[in-house]
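First comes the structure, then the notes that go with it.
Just so it is clear, the values below take in all heavy atoms, side chains as well, and ignore hydrogens, waters and symmetry mates.
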Amino acid sequence: MKRILISAVALLATFSSIDAQLKNAANSNELSTIKSANEKVQTIQCQFKRTQKMSYLNSDVTSQGDFYFTKADKLSMLYSDGEKMVINGDKVAIGKDGKVRNMKSKNHHVEDLSATLLSCMSGNVAELNGTLKSAKKEAKEYVVEIAVNFKVGRSKINGLELKYDAKDMTLNALKMVEEDGSYTLYELQKKTLNKEINNSVYSTDKK
């Protein structure tokens with residue numbers, strides 16, 4: 001019995017460490033508010049815009065498309081030009097026009113990005129692997145800034161800026177900032193919550 005109890009305590013400790021990876025987040029009322037509100041949200045579908053700013057380019061590059069999220073591990077970004085990124089459980093598909101690459105979600109090329117996107121969409125900011133710099137309520141949004149250290153392709157991400165709608169607490173924007181000041185910004189527009197989403201949008205099949 002003593003051995004079983006010790007094992008149970010160790011297991012709980014493991015779960016606790018998984019649920020609180022973000023440093024400095026334990027006493028953040030803002031993060032608690034965001035997480036609590038998002039527990040009521042099971043699906044999100046909307047339009048989205050991606051803005052990419054490269055340090056070596058004078059102008060931004062923008063793309064747009066349709067966005068889908070089903071809690072807890074399904075996410076789809078289907079761009080109007082045929083590009084896509086789909087997360088469906090342990091599967092990830094990234095690519096465009098017949099050149100789609102299929103990977104496991106634990107593949108080192110996509111693991112950090114997948115975990116970041118799903119945690120942010122779920123409102124589970126405290127699960128992110130990094131250090132909380134600030135979390136504050138502004139006029140219409142909660143703004144969260146986090147120091148991180150991971151790669152997306154060849155890009156090294158060292159900062160995240162999250163913006164959550166102050167009314168329903170769903171994610172409005174995610175900005176991933178690189179060491180040289182380059183960034184990728186995702187903005188969600190005209191969101192519909194808790195409406196059933198056809199599973200076909202989460203297909204990882206090559207097309």
Side-chain angles (χ1 to χ4, degrees), residues 19-54 59-80 85 87 112-150 152 155 157-179 181-195 197:
D19 289 340
Q21 294 181 11
L22 188 64
K23 298 177 182 178
N24 299 338
N27 298 317
S28 173
N29 292 328
E30 291 81 5
L31 297 193
S32 296
T33 299
I34 292 169
K35 180 179 180 180
S36 177
N38 274 277
E39 289 175 354
K40 303 173 184 178
V41 179
Q42 298 300 314
T43 68
I44 298 175
Q45 50 187 309
C46 62
Q47 297 173 337
F48 79 100
K49 178 182 178 181
R50 180 184 68 187
T51 302
Q52 294 174 297
K53 173 63 177 177
M54 307 301 178
S59 58
D60 299 344
V61 178
T62 61
S63 305
Q64 57 189 6
D66 297 315
F67 184 97
Y68 304 91
F69 170 71
T70 298
K71 192 177 286 184
D73 59 1
K74 294 181 179 181
L75 184 149
S76 178
M77 289 187 283
L78 304 178
Y79 294 80
S80 57
M85 176 177 180
I87 304 170
D112 290 326
L113 177 60
S114 298
T116 297
L117 291 173
L118 292 174
S119 293
C120 291
M121 289 306 304
S122 297
N124 293 324
V125 183
E127 292 183 354
L128 294 171
N129 188 7
T131 301
L132 179 65
K133 296 174 62 178
S134 66
K136 56 186 178 181
K137 183 181 179 182
E138 297 186 348
K140 296 181 180 181
E141 294 177 313
Y142 280 76
V143 180
V144 181
E145 295 186 356
I146 300 170
V148 294
N149 182 17
F150 64 87
V152 178
S155 302
I157 309 301
N158 64 4
L160 300 177
E161 181 181 287
L162 315 175
K163 293 184 178 180
Y164 287 87
D165 191 294
K167 291 183 178 180
D168 60 24
M169 294 298 172
T170 58
L171 187 70
N172 279 344
L174 164 61
K175 186 176 185 180
M176 301 190 299
V177 184
E178 301 174 34
E179 286 183 315
S182 301
Y183 64 79
T184 300
L185 171 65
Y186 297 98
E187 296 173 283
L188 306 186
Q189 305 162 338
K190 300 179 181 179
K191 288 173 284 185
T192 299
L193 309 183
N194 294 328
K195 183 179 179 180
I197 297 175

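- Enclosure of atom NZ in Lys53 by more than 12 non-hydrogen atoms of other residues, nucleotides or ligands within 6.0 angstrom is indicated.
- Partner of Gln52 under the side-chain contact (heavy atoms from CB on, under 4.5 Å) criterion, chosen from Asp60, Thr184, Thr62, Leu185: Thr184.
- Looking at every heavy atom in both residues, Ala135 comes nearest to Leu31 through CB-CD2, 4.4 Å.
- Asn38 places a side-chain N or O within 3.5 Å of a backbone atom of Met169 that can act as its donor or acceptor partner.
- Asp112 CG to Asn129 CG: the interatomic distance, rounded to the nearest 0.5 Å, is 7.5 Å.
- In this structure, Ser182 OG and Met176 CE are separated by 12.0 Å, a value rounded to the nearest 0.5 Å.
- Separating the CD1 atom in Ile44 from the NZ atom in Lys195 is a distance of 14.5 Å, to the nearest 0.5 Å.
- When all heavy atoms of Leu118 and Ala72 are compared, the closest pair comes out as CD2-O, 3.8 Å.
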side-chain contact (heavy atoms from CB on, under 4.5 Å) between Lys74 and Ile197: does it pass, once the steps are laid out?
-> CA-CA 11 Å; Lys74 294 181 179 181; Ile197 297 175; over 6 Å; no
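- Taking every heavy atom of both residues into account, Val177 and Tyr183 meet most closely at CA-CB, 4.1 Å.
- When all heavy atoms of Ala115 and Leu128 are compared, the closest pair comes out as O-CD2, 4.5 Å.
- Rounded to the nearest 0.5 Å, atoms SG (Cys46) and NZ (Lys190) are 11.0 Å apart.
- With sequence neighbours left out, the ring pair (Phe, Tyr, Trp, His ring centres under 6.0 Å) criterion links Phe48 to Tyr79.
- Note that OH of Tyr186 and CZ of Arg50 are 5.5 Å apart. Values are rounded to the nearest 0.5 Å.
- Side-chain atoms of Ser80 come within 3.5 Å of backbone atoms of Gln64 as a donor-acceptor pair (strictly under, hydrogens ignored).
- Between Leu117 and Met77, the closest side-chain pair of non-hydrogen atoms falls below 4.5 Å.
- Residues Thr51 and Glu187 form a side-chain contact, since some pair of their non-hydrogen atoms from C-beta on lies under 4.5 Å apart.
- Note that NZ of Lys137 and CD1 of Ile34 are 11.0 Å apart. Values are rounded to the nearest 0.5 Å.
- Residue Ser122 comes nearest to Phe69 through the heavy atom pair OG-CZ, 3.5 Å, listed as atom of the first residue, atom of the second, then distance.
- Sorted by first then second residue, the side-chain hydrogen bond (donor to acceptor under 3.5 Å, both in side chains) pairs that include residues 157-176, not counting sequence neighbours, are Glu141-Asn172, Asp168-Thr170, Thr170-Lys191, Asn172-Lys191.
- Nearest heavy atoms, Val148 versus Gly130: CG1-CA, 4.4 Å.
- Panel note: side chain Lys71, backbone Val41; a donor-acceptor pair is recorded below 3.5 Å.
- Here side-chain hydrogen bond (donor to acceptor under 3.5 Å, both in side chains) pairs that include residues 39-48, with residues two or more places apart or in two chains, number zero.
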